[in-house]
Protein chains: 2
Amino acid sequence: MVESALRDADLPPLAWYDALLELERAGDDGIRPLELRDKLLLPQYALSRLLDRMEKAGLTERLSCPSDKRGHLVRTTGRGRDTRTRMWPVYAKVLNDRIAGNLEPGDRLALAKLLGKIPE
Amino acid sequence: MVESALRDADLPPLAWYDALLELERAGDDGIRPLELRDKLLLPQYALSRLLDRMEKAGLTERLSCPSDKRGHLVRTTGRGRDTRTRMWPVYAKVLNDRIAGNLEPGDRLALAKLLGKIPE
DNA sequence: AGCACATAGATGCAGATGCATCAATATTGA
DNA sequence: TCAATATTGATGCATCTGCATCTATGTGCT
């Protein structure tokens, strides 16, 4: 459902959102794929291919890693940041419509509080 | 888990089991793909491809349908029946180990009764 | 009959999943 | 130091999912 909303808006799938968000959090130094994999809870090969696709779309880039020549550092590009930003309202609208929209006002508040407790 | 047990035994995936079973039930006249799709709860294209693969493996065959030239009738081959038969003990063992094995004897009986109520 | 529309099924494409395995580099221990 | 081993990440292969679209045939209406 989020997927179809994103598709309709000509935006990439949800998994990209998560990845891009983590990459933004990681900052300009980038992040090692293994670490990203742990955050996203993906199998290694899945992340490798996700990075392929996102890189092909110009949303991320792989930098060579000075401390370990086997690996690299990944980071978002400006385009990646832009795309994630455009994804957010679509995502948020679906969440709002489908989740919050089905709750009583009191429940909504309770949910907001609960979510607020979840660490970034 | 059932999947890996089947793979270890060099047998096809679970979806094939269901399909082969329905085909056996349908008998020698075969069954129309649409009808099979309803029984298996698969999207049309998924069934089409499943039939491709099973046919390639020699487990099913498509017969031309006299009453509607757009479609055909599908049925199992002897090899299909044989394969399904060899899949069953593997499947059953996993079910037994993982499900029944975690229940008290009384619960097992209750489960068996419940399952018995589910129409074929 | 003839044309619009519906239905059966296949297929191209992109992505994802899972497995196995590879190449390159790191680390460890004798 | 050097060989065995471990780790990082990529990749080949098959399957599977979902979407869109195609072909061929069937059906209904005029």
Side-chain angles (χ1 to χ4, degrees), chain A residues 1-20 23 26 30-75 83 87, chain B residues 1-20 23 26 30-75 83 87:
Chain A
M1 272 201 3
V2 179
E3 296 294 356
S4 48
L6 288 168
R7 231 181 300 109
D8 290 349
D10 230 349
L11 288 168
L14 199 46
W16 293 35
Y17 183 89
D18 292 342
L20 289 170
L23 287 172
I31 184 178
R32 294 293 295 270
L34 266 189
E35 207 183 328
L36 186 55
R37 181 201 58 135
D38 290 342
K39 289 185 191 298
L40 298 176
L41 300 174
L42 288 175
Q44 178 267 321
Y45 55 82
L47 177 61
S48 172
R49 281 163 168 151
L50 178 56
L51 290 175
D52 284 348
R53 268 170 278 137
M54 293 200 298
E55 187 165 340
K56 201 164 107 186
L59 307 189
T60 61
E61 52 189 355
R62 291 187 240 228
L63 314 168
S64 62
C65 174
S67 67
D68 188 337
K69 286 180 185 167
R70 288 170 304 183
H72 22 248
L73 291 162
V74 188
R75 77 176 173 209
T83 297
M87 290 175 82
Chain B
M1 274 196 4
V2 178
E3 296 294 354
S4 49
L6 288 169
R7 231 181 299 109
D8 290 350
D10 229 349
L11 287 167
L14 200 45
W16 293 35
Y17 182 89
D18 292 341
L20 289 170
L23 288 172
I31 184 178
R32 295 292 295 270
L34 267 188
E35 208 183 329
L36 186 55
R37 180 201 59 137
D38 290 341
K39 290 184 190 299
L40 298 176
L41 300 175
L42 288 175
Q44 178 267 321
Y45 55 80
L47 177 61
S48 172
R49 280 161 169 151
L50 179 56
L51 290 176
D52 284 348
R53 276 176 309 234
M54 292 199 299
E55 186 165 339
K56 201 164 109 185
L59 305 189
T60 62
E61 53 189 355
R62 290 188 241 229
L63 314 168
S64 61
C65 174
S67 67
D68 187 337
K69 287 180 184 167
R70 289 170 304 183
H72 23 247
L73 290 161
V74 189
R75 76 176 175 209
T83 298
M87 289 175 84

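Since the model is a prediction, treat every value here as computed from it, not as a measurement. Each chain gets a letter, A, B and so on, in the order the sequences are listed, and its residues count up from 1.
Within the nucleic acid shown, A:Arg62 comes within 4.0 Å of sugar-phosphate atoms alone, with no base atom in reach, counting heavy atoms only.
Summarising the geometry, the separation between CG on B:Leu42 and P on D:dC16 is reported as 10 Å, rounded to the nearest angstrom. Between the CG atom of A:Leu34 and the P atom of D:dT7 there is a distance of 11 Å, given to the nearest Å. Between the P atom of C:dG9 and the CZ atom of B:Arg70 lies a distance of 8 Å, rounded to the nearest Å. Atom CG of A:Leu51 and atom P of C:dG15 are 14 Å apart (whole Å). In this structure, CG of A:Leu36 is placed 11 Å from P of D:dA10, rounded to the nearest angstrom. As rounded to whole Å, 16 Å separates atom C1' of D:dT17 from atom CG of B:Leu40. Atom CG of B:Leu50 and atom C1' of C:dG9 are 14 Å apart (whole Å). Atom P of nucleotide D:dC16 and atom CD of B:Glu3 are separated by 8 Å, given to the nearest angstrom.
Taking CG from B:Leu34 and CZ from B:Arg70, the interatomic distance works out to 9.0 Å, rounded to the nearest 0.5 Å. Here the straight-line distance linking atom CG of A:Leu47 with atom CG of A:Leu41 works out to 11.5 Å at 0.5 Å rounding. A distance of 11.0 Å separates OG1 of B:Thr60 from CZ of B:Arg75, quoted to the nearest 0.5 Å.
At the phosphate of D:dG18, OP1 or OP2 sits under 4.0 Å from a side-chain N or O atom of B:Tyr45. Contact annotation: B:Arg49 side-chain N/O to D:dT17 OP1/OP2 distance is not under 4.0 Å. For C:dG9, one of the phosphate oxygens OP1 or OP2 lies less than 4.0 angstrom from a side-chain nitrogen or oxygen of B:Arg32.
Mapping B:Pro66 and B:Pro13 onto DNA chain D via the closest heavy atom, the residue that lands nearer the 5' end is B:Pro13. Taking the nucleotide of DNA chain C with the nearest heavy atom to each of B:Asp68 and B:Ala46, the more 5' of the two is matched to B:Asp68. Take the nearest nucleotide of DNA chain D for B:Lys56 and for A:Ser4: the residue whose nucleotide is more 5' is B:Lys56.
The existence of a salt bridge linking A:Asp38 and A:Arg32 is excluded, since no basic side-chain nitrogen approaches an acidic carboxylate oxygen closer than 4.0 Å.
Distance from the side chain of B:Arg7 is smallest to C:dC19 among C:dC19, C:dT25, C:dT11.
A donor N or O paired with an acceptor N or O is found under 3.5 Å between the base of D:dA10 and the side-chain atoms of A:Gln44.
A pairwise comparison of heavy atoms in B:Leu59 and B:Leu20 identifies O-CD2, 4.0 Å as the closest pair.
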